[in-house]
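These notes concern the structure reproduced below.
Each ligand, and each atom within it, is numbered from 1 in the order the structure gives. The basis for the numbers below is simple: all heavy atoms, side chains too, and nothing from hydrogens, waters or symmetry mates.
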Amino acid sequence: MADRDSLKREAAARALDFVSHGMKLGLGSGTTAEVFLELLGPRVRGGMTLDCVATSERTAAQARALGIALGDLDALAPLDLTVDGADEADRALNLIKGGGAALLREKIVAASSKAMVVIADESKLVARLGRFPLPVEVVAFGHGATAARIAIAAAALGYADLAVTPRLADGAPVRTDSGNLIYDCAFGAITDAAALAAALSAVPGVAGHGLFVGIATTLVIAHPGEIEIIAAPTPAAPVPRAGSAAPAGG
Ligand code: 5RP
């Protein structure tokens, strides 16, 4: 039976079929996205030309180490494609992201892309979002008050007694690449992702949240022995090219 790491690798490998020479490409964050970069590196060193934008400092460091040159989003947008992982995805292509605290840049880059391909092992595909606590990125100034307002906004939508927990690492608050804090919000089951996304975005002090609604265009889900492609009905999702995406040396 395939383990999760093997499934991540299979999803990442399949996503290479969506990448072609000359593309402007957003590079996601997290362990699945790291595998995608590992597989992309030899293509680039073999001659594939890409203009890439990283969604986190960690991804940027990995890309440079692999010989993948990076550019500036402002200069390159709109990108052709972003490939990224997710913490949860449903069949309507709504996502929860931010387990790696990169959600704000991930969303900026994905929203600046014509397409977003999400790569994941099957454990990430859920009937309903919300078992994974939703990461919300909060400006440090007044963050406790902002957290309280998140709970109030959630209660207005029927999510009573929401646990809003500051994310810590080694006892200290996690700081994002943008210097903000993360609060993890245990919704349990999100009944209307679009309504919740709008409500969270309206809370002053919220820099961003991990609900991605209407952004992903294709899910590449690895099951044991099978890759499932789930595409958004409109606009047209990118079609993977047959055969290898590398011009040479891949
Ligand atoms: C980081 C993310 C990641 O894409 C998400 O956490 C999935 O990570 P992994 O591939 O390691 O399971 O959103 O902010």
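At a 3.5 angstrom cut-off on N or O pairs, Gly98 counts as close to ligand 1. For ligand 1, none of its N or O atoms has an N or O atom of Lys8 under 3.5 Å away. Checking only distances, Arg4 never comes within under 3.5 Å of ligand 1, N or O to N or O.
In this structure the side chain of Leu104 reaches within 4.5 angstrom of the side chain of Asn180, judged on heavy atoms. Side-chain atoms of Ile150 and Val138, non-hydrogen and from C-beta on, do get closer than 4.5 Å to each other.
Heavy atoms of Gly28 come nearer than 4.0 angstrom to ligand 1 in no pair at all.
In this structure, a donor-acceptor pair under 3.5 Å is absent between the side chains of His209 and Glu137.
Regarding atom 2 (C) of ligand 1, its nearest protein heavy-atom neighbour is Glu106 OE2, 3.2 Å. Residue, atom and distance of the protein heavy atom nearest to atom 8 (O) of ligand 1 are Gly30 CA, 4.0 Å. Given atom 5 (C) of ligand 1, the protein heavy atom at minimum distance is Asp87 OD1, 3.2 Å. At the shortest separation from atom 12 (O) of ligand 1 among protein heavy atoms lies Lys124 NZ, 2.6 Å. Scanning the protein heavy atoms around atom 3 (C) of ligand 1, the nearest turns out to be Ser29 O, 3.2 Å. With hydrogens left out, the protein atom closest to atom 11 (O) of ligand 1 is Thr31 OG1, 2.4 Å, a heavy atom.
Ring orientation note: the planes of His143 and Tyr183 are tilted relative to one another, at an angle of 30° to 60°.
When each atom of ligand 1 is checked for a heavy atom of Gly99 under 4.0 Å away, the hits are 6 (O), 13 (O), 14 (O). Here is the list of ligand 1 atoms found below 4.0 Å of a heavy atom in Asp84: 4 (O). Heavy-atom proximity to Ala101, at under 4.0 Å, picks out these atoms of ligand 1: 14 (O). Distances below 4.0 Å separate heavy atoms of Gly85 from the following atoms of ligand 1: 4 (O). Set against the non-hydrogen atoms of Thr32, the atoms of ligand 1 under 4.0 Å away are 9 (P), 10 (O).
Classification of Lys8 and Asp121 as a salt-bridged pair fails, no side-chain N sitting under 4.0 Å from a carboxylate O.
The backbone N or O of Gly99 lies less than 3.5 Å from a partner atom in the side chain of Arg167, making a donor-acceptor pair.
Atom CG of Leu157 and atom CG of Asp192 lie 8.0 Å apart (nearest 0.5 Å). Separating the CG atom in Leu134 from the CG atom in Leu200 is a distance of 6.5 Å, to the nearest 0.5 Å.
In Asp72, the CG atom is crowded: over 12 heavy atoms of neighbouring residues, nucleotides or ligands sit closer than 6.0 Å.
Among the candidates Ile96, Asp90, Val126, the single residue satisfying the side-chain contact (heavy atoms from CB on, under 4.5 Å) test with Ile190 is Ile96.
Looking at Ala120 against ligand 1, nothing comes within 4.0 Å, counting heavy atoms.
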